[in-house]
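Here is the structure we will look at.
Not measured: the values here are computed from a predicted model. Protein chains get the first letters and strands the later ones, always in sequence-line order, with residue 1 at the start of each.
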Amino acid sequence: MTVLQRKPVNPIAHLTAEDIEVIGKELDAIRDRVMADLGERDARYIRRLIRTQRSLELGSRAVLLFSLFPPAWIVGTAGLSIAKILENMEIGHNILHGQWDWMRDPKIHSTTWEWDHVSPAEQWKHSHNELHHRYTNVIGKDNDLGYGIMRVDEDQRWHPLHLGQPLWNLINACFFEYGIAAYDLELGRNLKKGRHRDPAFRARARAVGRKIRRQVLKDYVLHPLLSGPSFLSTLAATFTANLVRNLWSHSVIMCGHFPEGVETFEKTSIEGETRGEWYLRQMLGSANISGSRLLHIMSGNLSHQIEHHLFPDLPSNRYREVVPEVRALFDRYGLKYTTGSLPRQVFSAWKKVIRFSLPNRRPRDRANNRSAPALRTSGA
Amino acid sequence: MPVCRDDRGMTTTAQPPSAPASLRRGLLRLAAAVTTPLLPDDYLDLVAPLRSGADLRGRIVEVRPETPDAATIVIQPGRDWQGHRPGQYVRLGVDVDGVRQWRSYSVTSAPAGRHGPITITVKAIPDGLVSNHLVRHAQPGTIVQLDQAQGDFVLPATPPARVLLVTAGSGITPVMGMLRSGALAGVDVTLVHSAPTAADVIFGAALRDLAAAGALRLVERHTKDDGQLSLVDLAALVPDHLERETWACGPAGLLDVLTAHWDAAGHRERLHTEQFRPTIISPGEGGTVTFGRSGVTVAADGSTPLLEAGEGAGVLMPSGCRMGICYGCVLPLRQGAVRDLRNGSLTTAVPGDGVLVQTCVSAAAGPCDLDH
Ligand SMILES: Cc1cc2nc3c(=O)[nH]c(=O)nc-3n(C[C@H](O)[C@H](O)[C@H](O)COP(=O)(O)OP(=O)(O)OC[C@H]3O[C@@H](n4cnc5c(N)ncnc54)[C@H](O)[C@@H]3O)c2cc1C
Ligand code: FES
């Protein structure tokens, strides 16, 4: 992958500035139509999902009180893993995006929701909604490109530490929620710049510390204690459930922006970006996962990453519905709609992590391409 | 002695907690640590939404049609319901098309202690979102949000000897609560009620029965035939009206006329009024924006986002993407009207609503008051 502006064949060279604004208008129209149609059915969907998730979590935790018996361990761990995945993805991620704020229910609102995750909702919303969704795939701006620890693009500078990135990525996958908390804190950058004394940073770090304490106390002390003689097996069960959830969400999220076919962008390309250009960047900077209804729900509908990036505040149950229209738009304007099965996309993303752990084969001739015109097109 | 804060933030000294109380508190904290990041309440809400300690809610038990466009809704309030005084109203939060909407409705049932069901009676107004939903689509079993009864359109502890009640349309509702309470038993009561036709009189049969039983003198005014009630009519119908302690509820026009009349006669203190419709917020272009807690008021035109208006006036505003996707800028609108700059849709709020709006894509459409 190379920043779009330096590609030998620019995939948007055929678009005029007007085309891009028309694409923007068409996407606005899709969004407005679905927003106007939201109602009872959608409210029922999210409430039922929350109810199901809570019942599943409660039931699984109850079964785990007897986790000394292997069947109970298996059933409880499986249930808890699924409950935790639903909680973080289809419920938490999407509520924190403000997808359900239109219901005006203070119990299901982006400003009041807290999730089963060590990164406090407040901090995650900042780094995810305000930074990642705004600067999607812009090198040097969007820290989701390699999470600040990996190199996933030719245009990111290579460092010997990147040699170990397949391993870092595996470790990150296992403890993904901690990785995200550190990432939301911009831990690496803040420590490197000696900002660990900065009161604002310290306050945020303390908030993360409190959240971690509460999460650990619940999962690794209280529930095991409640299980009495099953203490150790319940501890192993909650650890496994967190591990499963971490591995799963890491895989799904890697598929969103890393697979082959996804474009990246230069920092300068977003200066003075129009709404149409912003939309275009989202279209080219995201990849979907194809699969069953169950896969979509379990992935928090991030399997519809393209639609999610175009309309981050559209309720997730609606993404599936707008796919045909969005795809038709891609086709009409000759743009590549990147999608593939889960194994294929996971493989593609991992391949990239491994490939870019090594330096580029030949140094790029930067001077030559310097002036490539942003997301503007040949005509602009 | 431990010092604790009550919920108004005032510091008071408290007795040392008794053993059962501190045990209870300890258990609650333990339960919260077990369910974090949720609260035990979040789970209990799934099975017992009306229990004590939960947010106040109610369950619709029955929907009884009253007239072609009015219905009585019987609601079983949650365990923390504190009862009501006749004439008071409740704020009701109903989900219409998936969106929580809050409106006020007078309690029309007699006080039944803290456990009995209450009734409200709703008249569907043309294009009315909540009133039509309640009258035509409310289903028994539905959970609604409630607030404790409030309002001072109530009878005094010892009722006056002579009472006049002037009502129009759905304005009969708080008065029906008073009549049903029995607080006016033995009092000389005259009720002058206006409705377009006899069939439109909400509680028509019940009122006529009360009149037949001698509980009150009923003057029905069917405005389709008789025209609007005027002061001349009132003087002719109830010559001693100014001597009566009077409760009036109806459209603003009627109440304005009555208020001016009682005022001119020097008896304003004898007239008690209740209005159902807030002063109309006319959604114009732009308006003054008040940031209540920051103590800043600023004029903003209809195309300036509230976020920019606030920042321009030096208010520390929460913000994020500034393009309407992150919700980092959401603030409660306490009162007023704002227009969504993206699609022109209008959001209005009356005191108590606290509707959350995205300040980066909303502009003032009339005076508005943000809780920030
Ligand atoms: C203290 C208090 C007590 C109340 N008690 C009752 C009661 O017992 N029974 C009852 O039916 N209503 C009562 N109301 C009125 C009720 O709260 C709602 O305003 C009413 O049901 C209309 O809501 P809506 O959502 O249907 O209309 P909306 O969708 O909010 O309004 C639709 C249109 O109707 C107009 N409108 C709003 N309110 C009225 C009105 N009252 N009359 C005519 N036009 C209106 C609006 O300006 C708008 O143009 C009470 C109001 C208050 C403040
Ligand atoms: S600042 Fe992002 S929605 Fe307002």
Side chain, backbone, both or neither: which part of Asp55(B) has an atom under 4.5 Å from a heavy atom of chain A? side chain

Which of the residues Glu114(A), Glu122(A), Arg44(A) is involved in the greatest number of heavy-atom pairs with chain B at under 4.5 angstrom? Glu114(A)

Partner chain B: residue of His126(A), His109(A), His117(A) with the largest heavy-atom pair count (under 4.5 Å): His109(A)

With side chains defined as the heavy atoms from C-beta onward, is the minimum distance between His137(B) and Glu40(A) less than 4.5 Å? no

Option in Arg54(A), Lys211(A), Met103(A) with maximal non-hydrogen atom pairs under 4.5 Å from chain B: Arg54(A)

Please tell me if the side chains of Val34(B) and Arg61(A) come closer than 4.5 Å, counting only heavy atoms from C-beta onward. no

Just give me the residue among Arg41(A), His128(A), Met35(A), Arg47(A) that pairs up with chain B most often, heavy atom to heavy atom, under 4.5 Å. Arg47(A)

Above 12 or not: heavy atoms from other molecules or residues under 6.0 Å from CZ of Arg79(B)? no

Closest contact, heavy atoms only, Ala43(A) versus Gly98(B): CB-CA, 3.7 Å

Using a 4.5 Å cut-off on heavy atoms from C-beta on, say whether the side chain of Tyr43(B) contacts that of Glu57(A). yes

Would you say Phe66(A) has more than 12 foreign heavy atoms packed within less than 6.0 Å of its CZ? no

Interface residues of residues 214-225 of chain A facing chain B - heavy atom cut-off under 4.5 Å: Arg214(A), Gln215(A), Leu217(A), Lys218(A), Leu222(A), His223(A)

CD/Gln145(B) to CG/Asp105(A) distance, rounded to the nearest 0.5 angstrom? 7.0 Å

Counting only heavy atoms not in Glu321(A) (residues, nucleotides, ligands), do more than 12 fall under 6.0 Å from its CD? yes

Would you check if there is a donor-acceptor pair between the side chains of Asp101(A) and Tyr327(B) at a distance under 3.5 Å? no

Identify which part of Gln101(B) has an atom lying under 4.5 Å from any heavy atom of chain A, answering side chain, backbone, both or neither. side chain

Side chain, backbone, both or neither: which part of Arg213(A) has a heavy atom under 4.5 Å from chain B? neither

Which atoms of Leu226(A) are under 4.5 Å from chain B, going by heavy atoms: the side chain, the backbone, both sets, or neither? side chain

Nearest 0.5 Å, what's the CH2-CG distance between Trp115(A) and Leu38(B)? 13.5 Å

Tell me, for Trp100(A) versus chain B, whether the close heavy atoms (under 4.5 Å) come from the side chain, the backbone, both or neither. neither

Give the interface residues of residues 44-51 of chain B toward chain A, defined by a heavy-atom separation under 4.5 Å. Asp45(B), Leu46(B)

